[in-house]
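Numbers restart at 1 for each chain; the letters A, B, ... are given by sequence-line order, proteins then strands.
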Amino acid sequence: MPEGPSIVILKEAVKGFKGKKVIKITGNTKVDFSGLLNQKINGFKSFGKNFFVCFSKAAIKVHFMLFGSYRINERKGTPPRLSLHFKNGELNFYACSVKLVEDDLDTIYDWTVDVMNENWNAAKARRKLKAAPNTMVCDALLDQTIFAGVGNIIKNEVLFRICVHPKTKVGRLPPKKLTDLIREARQYSFDFLEWKKRYVLKKHWLVHTKRTCPRDGSKITKEYLGRTHRRTFFCNACQTLY
DNA sequence: CCGGTTGTTCAGCG
DNA sequence: GCGCTGAACAACCG
């Protein structure tokens, strides 16, 4: 589930519950959601990898982490973290983080940081990158305060697409490459969305989990890089270390 | 059966 | 009190 585009798919998939009243709330979460019982869902929102079920006075924030999943009008064998029951169906969340957010989402989230958002602000991303010149590009792409929604797969594919080595420091990127980085973080996310919808995402991976470079046939390097030691695939021959 | 992972949080350290 | 790091957590696939 995790990366931003997958959350956009979820948001579209649950549209049928908009305006519906929650008639029962169950699950093994310790969070008390009883205040939302018999409330109508105003709508669904996403911010990066976060998914929100919005009510008039609060919202449920769902984060799927690495292993989270959901089912719509279906159940898995494992106990759900949270189930929202409606007259016309149910929405089940598994192995995820769920929280009650009582603040106004518009005041606590800057939607323009979300690469999938219609109000994505590339200039703002550029300013933030300029302010962190010593950050490696592999870390910068995973920074949710700059590129909310970008995950490890998108990171690897974007860097391959723009021919930049993951260890490159942001401050050493030529201006044109910095532009490419920002543009492709968003563009690849939308490509990811379309491929995922058509169940052909993996088929389009050029470097992630690959062994040979589709450009020059050289061996793909796999290393655990960056602040959080994430799996990073890259081609030493065609991805330049600036 | 074991190892690995589309991610984040938080305790513990210097 | 800060920034950084590693551990912990979760469930499913190959």
Sorted by chain and number, sequence neighbours left out, side-chain contact (heavy atoms from CB on, under 4.5 Å) with A:Gln144 holds for A:Lys49, A:Ala148

Hey, does A:Lys76 reach any base, or is it just sugar-phosphate, or nothing, if we go heavy atoms under 4.0 Å?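 Sugar-phosphate, backbone atoms only, no base.
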
Note: [X]-[Y] ion pair, threshold 4.0 Å (strictly below):
X	Y	result
A:Lys197	A:Glu12	yes
A:Arg161	A:Asp191	yes
A:Arg231	A:Glu223	no

State whether a side-chain donor-acceptor pair under 3.5 Å links [X] with [Y].
X	Y	value
A:Thr212	A:Lys219	no
A:Ser83	A:Arg75	no
A:Lys167	A:Thr232	no

Given atom [atom1] of [X] and atom [atom2] of [N], what is their separation to the nearest angstrom?
X	N	atom1	atom2	result
A:Phe67	B:dG7	CZ	P	11 Å
A:Phe64	C:dC9	CZ	C1'	17 Å
A:Ile154	B:dG7	CD1	P	9 Å
A:Lys222	B:dT5	NZ	C1'	10 Å
A:His63	C:dC9	NE2	P	19 Å
A:Phe47	B:dT8	CZ	P	11 Å
A:Leu142	C:dT5	CG	P	15 Å
A:Ile153	B:dT5	CD1	P	12 Å

Nearest-nucleotide 5' precedence on DNA chain C, A:Lys202 against A:Pro79: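 Looking at the nearest nucleotide for each, A:Pro79 comes out on the 5' side.
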
With ring centroids as reference points, do A:Tyr242 and A:His165 lie under 6.0 angstrom apart?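 No, they do not, as the ring centres are separated by 6.0 Å or more.
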
Is the A:Phe51 to A:Phe44 ring centre distance short of 6.0 Å? yes

What's the gap between B:dC10 and C:dG1 when it is taken at their C1' atoms, as a whole Å value?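 About 16 Å, rounded to a whole number of Å.
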
When you compare C:dT5 with B:dT6, how far apart are their C1' atoms, in angstrom units rounded to a whole number? 22 Å

Between C:dC12, B:dT6, C:dA10, spot the one nearest the side chain of A:Ala95, thanks.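 Comparing C:dC12, B:dT6, C:dA10 against the side chain of A:Ala95, the answer is C:dA10.
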
A side-chain contact here means heavy atoms from C-beta on lying under 4.5 Å apart; do A:Phe160 and A:Cys235 qualify? yes

Once Watson-Crick and G-U wobble pairs under 3.5 Å are found, how is DNA chain C written in dot-bracket notation, 5' to 3', with | for any base paired to another strand? .||||||||.||||

Within the structure, does a side-chain N or O atom of A:Lys49 lie under 4.0 Å from either OP1 or OP2 of B:dT6? no

Within the structure, does a side-chain N or O atom of A:Tyr224 lie under 4.0 Å from either OP1 or OP2 of B:dG4? no

Among residues 226-233 of chain A, which residues get a heavy atom nearer than 4.0 Å to DNA chain C? A:Arg227, A:His229

